[in-house]
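A short worksheet on the structure shown next.
Chain identifiers are assigned alphabetically (A, B, ...) following the order of the sequence lines, protein sequences preceding nucleic acid strands; residue numbering begins at 1 within each chain.
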Amino acid sequence: MPELPDVETMRRYLEATSLQQEIEAVTFHSAGYLLGDDPGPHREAVRRLKGGLEGRSFEDTGRHGKWMFVWLSGDGHQALGLHFGMTGGLKYFRDTADEPAYGRVRFDFTNGYHLAYISMRKLGAVRLIEDVERFINRKELGPDALSKALDFEAFRHLLEDRRTMIKALFLDQQVLAGLGNVYADEILYQAGIHPRTKADELEGHDLGALYEKMHDVLETAIDRQAQPGDFPESYLTVHRHEDGVCPRCGAELERVKVSSRTSYYCPTCQERPTG
DNA sequence: CCTATAGCCTGACGGC
DNA sequence: TGCCGTCAGGCTATAG
C-alpha cells in the first residue's frame, strides 16, 4: 500500500493511538533485514533501537514522502524513522490474540497496549535517526508532494528541462517525494497525460493540470484513508486491473512498462506523446 | 543525464 | 495436488 496517502493515514493512526505512553520494551521478529546492514544476533541496530526507545515515549509525528518520523521524549532530536516498503503497516492492539501476522517490530507500552510494525516482504526500514533534517538531506529526497513550499513555480522547476518520461520523474523520490506506482498513474490519468510523455514536452497547461490533479488525488485519497474501495468511481485506481475499462470513455485500459513498473492508462483519454 | 536490469523478501495466482 | 513462472502500490546498485 504505502505511498504518500497510505503513510499519512498511518501517521494519523499512530498519532491517535500511541503518543505519550512509556515504551516498556521493543522486540523484533525476523526483522534483521529491515534494520540495516550489520549482521548477527546482537546487531548494533537492535542495541541502538532498544536503548533509544525503551523508557521513553513517542511525542510527535511527521512525514516526508513515504517516510514517517516519530519524535521521542528526552533530550535531543532523536526520532524513529519508519518506511513501509511494499507491504508495511501499523497495528495498535491489546490482546495477544489480535497480534497481526508479519509483525516485525513490536513496541510494548506500559498501559498494556502494543504497536506492531508489520511488513510481510521486509522491504521497508526501521531506523533510529539522530536528526531528521540531516537524514532527509542525506537521502537527497525531493520536496514532499503536499508540502506548502511546493508551489506551482517550484513544481514546474522540478520538471522543466528534463528529458525523462514524466512517470519516471514522478516515481523518482529525489525529484518529488511521496508518489508511487499507483498514484502516479492516477494523477497522469486525471490530468489526461500519457505516462511516457517526456517532461520537457509538456505544455504549460499540462503542468498546471498535473499540479492541480496531484493535489486533488492525494487529498481525496487521504480523505478516504487510502482505501481504494472508497475512491470515486471516476478514479483509474478502481479499474486498474486486467480487463479494466476507462470510467470516462469505456475504452479498455492499456499497460506499458515505464521505469520497469507496470503503468495503466487510457489510450484515448491520455494522448500519446507526439515525439 | 537517461534507461534498463538485477536483487532484496514473501505470498498469491494462473497454467500445466 | 504439486510445481513453476510471473507478478506485486519500493528502493538501491550497477551497467550501458
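Residue A/Lys66 places at least one side-chain N or O closer than 4.0 Å to OP1 or OP2 of C/dC11.
With sequence neighbours left out, A/His215 forms a ring pair (Phe, Tyr, Trp, His ring centres under 6.0 Å) with A/Tyr211. A/Arg134 meets the side-chain contact (heavy atoms from CB on, under 4.5 Å) test with A/Asp131; sequence neighbours excluded. Remark: A/Tyr92 pairs with A/Tyr113 by the ring pair (Phe, Tyr, Trp, His ring centres under 6.0 Å) rule, at least two apart or across chains. With sequence neighbours left out, the ring pair (Phe, Tyr, Trp, His ring centres under 6.0 Å) criterion links A/Tyr13 to no other residue. Considering only residues two or more places apart in sequence or on other chains, A/Ala184 meets the side-chain contact (heavy atoms from CB on, under 4.5 Å) condition with A/Lys167, A/Phe170, A/Leu171. Shown here are the ring pair (Phe, Tyr, Trp, His ring centres under 6.0 Å) partners of A/His114, two or more places apart in sequence or in another chain: A/Phe93. In terms of the salt bridge (Lys or Arg N to Asp or Glu O under 4.0 Å) criterion, residue partners of A/Glu130 (sequence neighbours excluded) are, by chain and number, A/Arg48. For A/Glu242, the side-chain contact (heavy atoms from CB on, under 4.5 Å) test picks out A/Arg255, with sequence neighbours left out.
Residue A/Ile118 shares its hydrophobic cluster (ILVMFWY side chains chained together at separations under 4.5 Å) with A/Tyr102, A/Met120.
The CG atom of A/Asn181 sits 8 Å away from the P atom of C/dA8 (whole-angstrom rounding). Taking atom OH on A/Tyr264 and atom C1' on C/dC7, their separation rounds to 10 Å, with Å as the unit. The distance from atom OH of A/Tyr183 to atom C1' of C/dG9 is 8 Å, rounded to the nearest whole Å. Rounded to whole Å, the distance from CZ on A/Arg224 to P on C/dG9 is 21 Å. Between the NZ atom of A/Lys198 and the P atom of B/dC2 there is a distance of 9 Å, rounded to whole Å. Summarising the geometry, the separation between CG on A/Asp161 and C1' on B/dC2 is reported as 15 Å, rounded to the nearest angstrom. In this structure, the CG atom of A/Leu159 is 11 Å from the P atom of B/dC2, given to the nearest Å. Rounded to whole angstrom, the span from the CG atom of A/Asp185 across to the C1' atom of C/dG9 amounts to 10 Å.
Distances were taken from every side-chain heavy atom of A/Ser260 (C-beta onward) to each of B/dT5, C/dC11, C/dA8; the shortest belongs to B/dT5. For A/Met165, the side-chain atoms get nearest to B/dT3 when compared with the rest of B/dC2, C/dG9, B/dT3. The side chain of A/Asp6 has C/dG9 as its nearest neighbour among B/dC2, C/dA8, C/dG9. When distances are taken from the side chain of A/Gln173 to each of C/dG9, B/dT3, C/dC11, the shortest belongs to C/dC11.
B/dA6 and C/dT6 have their C1' atoms separated by 16 Å, with the value rounded to a whole Å. Taking atom P on both C/dC3 and B/dC9, the two are 23 Å apart, rounded to the nearest angstrom. Rounded to whole Å, the separation between the P atoms of C/dG9 and B/dC2 comes to 25 Å.
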Under-3.5 Å N/O pairs linking protein and nucleotides 7-10 of chain B:
residue: B/dC9; atom: O2; partner: A/Arg121; partner atom: NE; Å: 2.9
residue: B/dT10; atom: OP1; partner: A/Lys122; partner atom: NZ; Å: 2.9

Please list, pair by pair, any protein nitrogen or oxygen found under 3.5 Å from a nitrogen or oxygen in nucleotides 12-15 of chain C.
none

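Using a 30° and 60° split on the angle between ring planes, A/Trp67 and A/Phe69 fall in the parallel class, below 30°.
Screening A/Arg240, A/His239, A/Gln270, A/Lys213 for a side-chain contact (heavy atoms from CB on, under 4.5 Å) involving A/Tyr189 leaves a single residue, A/Gln270.
Residue contacts for A/Thr262: at a heavy-atom cut-off of 4.0 Å it reaches the sugar-phosphate backbone alone, with no base atom in range. As judged by a 4.0 angstrom heavy-atom cut-off over every strand, A/Thr164 is placed among residues touching the sugar-phosphate backbone only.
By the 4.0 Å N-to-carboxylate-O rule, A/Arg12 lies too far from A/Glu15 to be salt-bridged with it.
Annotated stems with DNA chain B as a participant read B:2-8 with C:10-16, B:10-16 with C:2-8, given as range with range, by first number; only runs of 3 or more Watson-Crick or G-U pairs under 3.5 Å qualify.
Under the 6.0 Å cut-off for aromatic ring centres, A/His194 and A/Tyr265 qualify, their centroids lying closer than that.
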